[in-house]
Protein chains: 2
Amino acid sequence: MVTTNFEPKFINNPLNCPVTRAMSIIGGKWKPIILNCIGEKKIRFGKLNQIIPSISNKVLASELKELELYGLIKRTEYTEMPPRVEYELTKAGKSLIPILHELANWGDSTIAKKIIKELN
Amino acid sequence: MVTTNFEPKFINNPLNCPVTRAMSIIGGKWKPIILNCIGEKKIRFGKLNQIIPSISNKVLASELKELELYGLIKRTEYTEMPPRVEYELTKAGKSLIPILHELANWGDSTIAKKIIKELN
DNA sequence: ATTTGTGGTTACCATTTGGTTACTAGTTTT
DNA sequence: AAAACTAGTAACCAAATGGTAACCACAAAT
C-alpha cells in the first residue's frame with residue numbers, strides 16, 4: 001500500500017498577504033470550479049465528473065480529498081451497492097460563496113469572453 | 001534564440017461554466033497574488049519581486065507576460081539605464097478588483113487562518 | 001578600474017500535476 | 001451467466017510548472 005500521505009505545502013508568506021493565504025488554500029485551477037459546482041446542493045462524485053468533464057477522476061478525487069481535509073466540504077458515504085457518495089459544502093465552504101460568485105460574474109463578462117475568444 | 005511561443009491553453013469548457021472561464025484566465029496560484037499586489041498603483045518589477053518573495057523572477061516574468069497578453073496589465077518601459085519598467089492594471093484588469101477584494105477578505109478570515117495554522 | 005543597480009533571459013534540472021488504463025465489490029439488469 | 005453500475009485506487013508515464021545560477025546592457029558611483 002502506498003500511504004497517500006499528502007500534507008499541503010502552503011505558499012511561503014512572510015508578509016502575511018491575505019490573498020496569498022487564500023491562494024494557498026483554494027489556489028490551483030480546479031478547486032474553485034469544483035466548489036462552485038457543488039454549490040448549495042449535495043452532489044455525487046459521478047455527477048461532478050460529468051459536469052466538469054475535463055478533469056480526470058483521479059484528479060477530481062484528490063482535489064475532493066484536499067478540500068475535505070481543509071474542512072471546506074463534507075463527504076457522506078452511503079453503504080449501498082453500487083456505492084453512493086455525496087459531497088456538500090460545509091459552513092466554512094459556504095464562506096467562499098462570495099468569491100465564487102464574483103468569479104462567476106467576471107467569467108460571464110464580455111472582457112473574459114473576449115480574452116478566451118481572441119486567444120483560442 | 002528560443003521562440004518563447006506561449007499560447008495559452010484554456011480549460012476545455014463544453015458546458016460554458018463561467019467559473020471555469022475565469023479560472024482559465026486567472027487560475028494558477030500566482031496571478032491573483034500578482035494582480036492584487038499591483039492594485040491601483042504603478043509598480044516596478046523589482047518591487048513586485050520583493051513583496052512576493054516566494055516567487056522566482058523567472059516565474060514572475062512569465063506570469064506578467066501572460067497577464068499582459070490578456071490585456072489585464074500594461075507594461076511601461078522607460079529608456080533609462082539601469083532599466084526601469086512599471087506595471088499597472090488596465091481597465092480590464094481593474095474589473096478583477098471585486099474578486100481580489102473577496103479573496104483578500106476571505107484570506108483575512110479566521111477560517112482561512114485556522115486552516116493554515118492547523119495544517120502547517 | 002571595479003562594483004552596483006535593473007529587468008529580464010537562458011539552460012539545465014527537479015518537482016508537481018495530470019492523464020490513461022485496469023481493477024475492485026456486490027447488487028441489479030439482460 | 002454475463003454485463004452494468006459506482007466511487008474510487010494503483011501503477012505507469014507525459015507534460016507542465018518552478019527553481020537556480022549565470023549572464024546581458026550601460027550608466028553611475030566608488
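If you're wondering where the values come from, they're calculated on a predicted model, not measured in any experiment.
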Take A:I111 and B:L96 through the side chain to side chain contact (heavy atoms under 4.5 Å, CB included) test and state the conclusion after the steps. CA-CA 10 Å; A:I111 292 176; B:L96 290 164; over 6 Å; no
Within this structure, what is the [atom1]-to-[atom2] distance between [X] and [N], rounded to whole angstrom?
X     : N      : atom1 : atom2 : answer
A:I43 : D:dT6  : CD1   : P     : 14 Å
A:F45 : D:dC5  : CZ    : P     : 16 Å
A:K58 : C:dG19 : NZ    : C1'   : 7 Å
A:K9  : C:dT16 : NZ    : C1'   : 7 Å
B:I55 : D:dG18 : CD1   : C1'   : 10 Å
B:M81 : C:dT3  : CE    : C1'   : 17 Å
B:N49 : C:dT9  : CG    : P     : 13 Å
B:E63 : D:dG19 : CD    : C1'   : 14 Å

Does a side-chain N or O from [X] land closer than 4.0 Å to OP1 or OP2 of [N], or not?
X     : N      : result
B:R75 : C:dG8  : yes
A:W30 : C:dT17 : no
B:K65 : C:dT9  : yes
A:R44 : D:dA7  : yes
B:Y78 : D:dA27 : no

Which nucleotide in the set [options] lies at the smallest distance from any side-chain heavy atom of [X]?
X     : options               : value
A:A61 : D:dG8, C:dT27, D:dG19 : D:dG8
B:N57 : D:dT17, C:dG8, C:dT20 : C:dG8
B:P82 : C:dT9, C:dG18, C:dG5  : C:dG5
A:V85 : C:dG8, D:dT6, D:dG8   : D:dG8

Less than 4.5 Å apart, any side-chain heavy atom of B:I116 and any of A:S24?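 B:I116 vs A:S24: side chains touch.
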Student check: side-chain heavy atoms of B:L35 and B:I26 closer than 4.5 Å: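 Yes, their side chains come closer than 4.5 Å.
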With nearest nucleotides of DNA chain C determined for A:S54 and A:P83 from heavy-atom distances, which residue corresponds to the more 5′ nucleotide?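 Nearest-nucleotide comparison on DNA chain C picks A:S54.
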Toward the 5' end of DNA chain C, which comes first, A:K29 or B:G46, by nearest nucleotide?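 Of the two residues, B:G46 wins.
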For A:K31 versus A:I25, what's the shortest heavy-atom pair and its separation?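 Smallest heavy-atom distance, with atoms named: CD-O, 3.6 Å.
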Minimum heavy-atom separation for A:P98 and B:E102, please, with both atom names.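 That closest heavy-atom pairing would be CB-OE1, 3.4 Å.
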Can you tell me if B:K114 has over 12 outside heavy atoms packed within less than 6.0 Å of its NZ?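 Open: at most 12 neighbouring heavy atoms sit under 6.0 Å from NZ of B:K114.
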Touch class at under 4.0 angstrom, heavy-atom based, for A:K47 against every strand present: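 No contact at all - A:K47 keeps every heavy atom at 4.0 Å or more from the nucleic acid.
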Classify A:T79 by what it touches in the nucleic acid, base, sugar-phosphate, or nothing, heavy-atom distance under 4.0 Å.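 No contact at all - A:T79 keeps every heavy atom at 4.0 Å or more from the nucleic acid.
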